[in-house]
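Have a look at the structure below, then the notes.
Lettering follows sequence order; numbering is per chain, from 1.
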2 protein chains.
Amino acid sequence: MADTGAKMVEPIKAIPEPTLRRLPMYYQYLKRMHEEKKLKYISCTQIGNDLRVQPIQVRKDLQVANAVGKPKTGYDVEELIGIIESFLGWNNSTDAYLVGVGNLGAALLGYEGFNEYGLNIVAGFDTNEQKIGKEIGGKKVLNISKLADMINRMSIKIGILTVPASVAQEIADVMVKAGIHAIWNFSHVKIVVPPDVIVQHENLASTLGVLSKKLAMALKAKVAE
Amino acid sequence: MADTGAKMVEPIKAIPEPTLRRLPMYYQYLKRMHEEKKLKYISCTQIGNDLRVQPIQVRKDLQVANAVGKPKTGYDVEELIGIIESFLGWNNSTDAYLVGVGNLGAALLGYEGFNEYGLNIVAGFDTNEQKIGKEIGGKKVLNISKLADMINRMSIKIGILTVPASVAQEIADVMVKAGIHAIWNFSHVKIVVPPDVIVQHENLASTLGVLSKKLAMALKAKVAE
DNA sequence: TAGATTGTTAATCGATTAACAATC
DNA sequence: TAGATTGTTAATCGATTAACAATC
């Protein structure tokens, strides 16, 4: 097709979610290889071997992220890091509020590593008077009554939900009404939101389910021996 | 085939991992429905509607877990809970040690909810003298030098790895050598273990990758409007 | 009985893997 | 150049969904 000079609209090809879940793994790995080994180029074979992923799958995934490699030499590590970073939108950080400063909430609030993934948790919110006003990892814990107003005023994009199941929907509703764009839901209930709000559900019990079943089968097999 | 009277060995049909990841969701949901609504029977349609899963998929998943329903009435909620529980091996709890009592490690150690999923974290281990001897949620934090001996002596089945990437493999090696059966790996590196040891990798960055990309695309679409 | 729901078999869809061409 | 590695197109595999039969 001849270039008509008109601005081409990128065809919106769906990005496979498994790919989206693997890219962060590559990213973490590449950063380590870059910092520790000062590696300049890397091949899909090596990435695949180290991360136990089929090399061809690595190549496909990187292709999705718009990476371009050189035959015979592989991919430029530094460039690749940058490409994944900008593909996932991790090159500039997004502000988030966390609601529910319990065990898990406090851990996430205090975790410094999220900055690496473009996530900046600005503050925590809770109902517990004991916690309000305190700081965790330099992040203030505020009264939940201020949540809606502050999401709105600070144009917060991401809400992290670490509250008990019983109030998850209620808090989600407040977030949505205040204009949040995405919710990272650590509660054990499926929350209902309008279609334009992104919800990503994180449930440790799911992984634990896989682990438990595999373990149960392995132990059973051992007994049967 | 006629029943020969010989003990039938169940055919080892592979269980789809997506199913294994959804079963805990159903489990959590059913328990809520049972406790709060005192519901006696439930249909796949209702489960599917509430959890945003195709009803037919719910039925398939429950079938994998060996659940049997009654046409027209659905599944007996209490029975179903029990079936999923025993299918995942959550009816009797498995002891686990947690290594690395940082932010996340401490949160997991202090989290009471795991008992519901057949996981009993017995103790934590760390190298930090400040932490050793302390208790978190009633669980002792012990010196990591005792890890191998205690895994062995107490026949601990599951190791939870919440250590920095730099030492993850090293600790995993200790666990494996001491006879651990499964490792729940929260570190950011892929650890290498013998084929008979089960490893389940939990990486928040993966979910965050999906969330970030979806958010980036949504915001881009909004700007393009 | 009629109809809702489960159970089962078949069709579809999408992700992974394989095969091969292009290229440095 | 030869060969290793990327890039691309095709085949396979497995999970999801659809269609329909069975049953309470």
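- Between the side chains of B:W90 and A:S212, a donor-acceptor pair is found at a separation under 3.5 Å.
- Proximity of B:R22 to the phosphate of D:dT16: a side-chain N or O atom is located under 4.0 Å from OP1 or OP2.
- In this structure, the CZ atom of B:R59 is 13 Å from the P atom of D:dT17, given to the nearest Å.
- Mapping A:K70 and A:K60 onto DNA chain C by nearest heavy atom places A:K60 at the nucleotide closer to the 5' end.
- Between B:L80 atom CG and C:dG7 atom P there is a gap of 11 Å when expressed in whole angstrom units.
- Atom CG in B:L20 sits about 12 Å away from atom P in D:dT16, given to the nearest Å.
- Partner of B:F114 under the side chain to side chain contact (heavy atoms under 4.5 Å, CB included) criterion, chosen from B:L109, B:I121, B:N120: B:I121.
- Of the listed nucleotides (D:dT23, C:dG7, D:dG7), D:dT23 has the atom at the smallest distance from the side chain of B:P71.
- The CD-P distance, from A:E17 to C:dT16, rounds to 11 Å in whole Å.
- Separating the CD1 atom of A:I56 from the C1' atom of D:dA4 is a distance of 15 Å, rounded to the nearest angstrom.
- Considering only side-chain N and O atoms, A:Y75 lies under 4.0 angstrom from the phosphate OP1 or OP2 of D:dG7.
- The backbone N or O of B:V192 sits less than 3.5 Å from a side-chain atom of B:Q169, completing a donor-acceptor pair.
- A donor atom on one side chain and an acceptor atom on the other are not found under 3.5 Å apart for A:N91 and A:S86.
- Regarding contacts with the backbone of D:dT16, a side-chain N or O of B:Q57 is found under 4.0 angstrom from either OP1 or OP2.
- The residue A:K72 sits close to a base: some heavy atom pair falls under 4.0 Å.
- In this entry C:dC20 has D:dG7 as its Watson-Crick or G-U wobble partner, both defining distances falling under 3.5 Å.
- Where B:Q63 and A:I15 meet DNA chain C, the nucleotide closest to each residue was compared, and B:Q63 sits on the side nearer the 5' end.
- Listed nucleotides: D:dG7, C:dT23, C:dT5. Nearest to the side chain of B:S43: C:dT5.
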